[in-house]
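Just so it is clear: chains get the letters A, B, ... in the order the sequence lines come, proteins before strands, and each one is counted from 1.
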Amino acid sequence: MREFQYVITDKEGIHARPAGAFVKTAADFPCKISIAKGEKEVDAKRIFAVMSLGVKCGEEITVRAEGEQEEEAIAACSEFLRKYL
Amino acid sequence: MVLKGKSVFGGIAIGTLRIYEKKDHIIKRRRVTDVLEEETRFLAAKEEAKRQLAELYEKALKEVGETGAAIFEIHQMMLDDPDYLEAVCSMIKTQEVNAEFAAASTGDNFSQMFAAMEDAYMRERAADVKDISNRVISILQGGGAGAMEAEEPFILLADDLAPSETVQMDKSKVLSFVTRGGSTNSHTAILARTMNIPALIGVDIPEELGQEVVVGIVDGYQGILYIHPDEETLARYQRLKEAEEQKRRLLKELKGKETVTLDGRKINLYANIGGVSDVAEALANDAGGIGLFRSEFLYLESEDYPTEETQFAAYKTVAEAMAGKKVIIRTLDIGADKQVDYFHLEKEENPAMGYRAIRICLDRKELFKTQLRAIYRASYYGSISVMFPMIISVEEIRQIKEVIEEVKAELLRDGIPYQEVEIGIMIETPAAVMISDLLAEEVDFFSIGTNDLTQYTLAIDRQNANLDRFYDAHHEAVLRMLQMVVDNGHKGGCWVGICGELGADTALTETFLRMGFDEISVSPSMVLKVREKIRSINCNSSAISSPVGESCLHE
């Protein structure tokens, strides 16, 4: 399993559009990918779940990947977050 | 009736009001026996909903661009969300209910989750969930999605509008959106901004408008909705709207076009600005440069003498924003009707003819040097010219040049970069006109300030309403002076411009061109109007609309 932490810098937080795009990025990989804020951890491939975290600007999230292509998945997710959020 | 709201986009709309009727889905809970078939029905409807959303995405992409269209992509993803699908399907299976009921209940549950969130933006998303569920339900019920049809353009009043409702509308018919709810993040607001139509939110719209056709006005600048406006209000807004439409038409037709006459004569058409914030309007109206940058604002807005740094920052910002286009900064023109406390100027009997402008600067050299240093420092960042107001003698220019030489020597000594700055003067006193041949030897350009020149020449105070019938902006004396200045300027190698109010008087544009003016500088909002006029003029043709020498004859 691999994971990394990231602090959201977009002033609107993970709003609908980036949530959708993030879910799409995650869906490209066969491994399990999750996103967690505090205690709450959700499946990163489910848009309602990701949006339900309600991640705001300045909050830290943890992205975890486990299984096939986990390394590539982590790289792709981290690149996405740095670029858009 | 006058209702206040919050504007999300400026503009004025006048038209009939229509209240948007939401299509209500009456959903009955039914027991189904074949749950598998019901699940298949739901999944088929979901696929159809996704197909419709894909179409809406394409439509929105064309109409409002990617940002506005993205929501329909999110909606498709929501319809494929495993949590959502599982919730609907398990409800059908375990409770043996119809697909419509399961979709509606699940939609409610999910939208309540969003509605309960702290974040205002996320709360808005509750509407998205309802929207996708309603789409699926419509399909299950065999109905199409409700579109609003109309023959005539109208102002749309609604609680709030879902994205799919707005995209399905015939938007060529919508003049404005006014909603009870909504926020600056809501789809209606975003859509209004992309469509460039006025929109208000948070308006307490009455439940009923009655049966007859109701006219309304939306003032998107002030956030006001008028229902049944009186004739005076209506007329006032009609005029405003016409002015706005003309502006829009000019922009569309003339932005990016050259300022050139039919016979191919080019002229520099610049804008007058009174502060850094006006640059945006000058650029939006396609000004070829700044013909008059009044520097007084720096002094008027301040409690004490503005520092060199403050001034430098303002001049540099404008120079950079204009990206190499000419910026003509006029040095301090305080006194007369513009008073600043910290200057401690004595009260005068006749301030218009008193201690003002260059007279103060030449007396208070440190003040003048501070401004000139700031201007020369900023010259490094663009194409800056400087001009001096209220000149009456050659001696004044020589004194000014001495100060400039000192400033340049200091900058050189301090290793601060600057570029050569074109030096010009305002011609706004009859004295300057009469010796314009001598003045032309000393400077690079003239810019005529017609407001003061007219008042000094006619000895008429513009502020005095009793004198209106004696005042003639096109007075032959003034027109002859203009011609004299152009001729003397050109003989002495100067280019000559006009930056007073008269410059925007399109009845005189042809006269100015024939006189030989090289530049006209007007307020930003007038730039395109003057450009339109110039592009319609042929200086080769003999028909002259308002030549010099004619206006005095019929008086």
Tell me, out of A:Ala21, A:Ser52, A:Ala49, A:Gly54, who's got the most heavy-atom pairs with chain B below 4.5 Å. A:Ser52
When you look at [atom1] of [X], are more than 12 heavy atoms from neighbouring residues, nucleotides or ligands closer to it than 6.0 Å?
| X | atom1 | answer |
| --- | --- | --- |
| A:Glu72 | CD | yes |
| B:Tyr221 | OH | yes |
| A:Lys32 | NZ | no |
| A:Lys37 | NZ | yes |
| B:Glu320 | CD | yes |

Heavy-atom closest pair, residues A:Ile47 and B:Asp81: N-OD2, 2.8 Å
Is there a side-chain contact between A:Phe48 and B:Val129, using heavy atoms and a 4.5 Å cut-off? yes
Just wondering, do B:Met117 and A:Met51 contact through their side chains at under 4.5 Å, heavy atoms? no
Heavy-atom contact with chain A under 4.5 Å, split by part of B:Met77: both
Side chain, backbone, both or neither: which part of B:Gln76 has an atom under 4.5 Å from a heavy atom of chain A? neither
Does B:Asp83 come within less than 4.0 Å of A:Arg46, counting only side-chain N to carboxylate O? yes
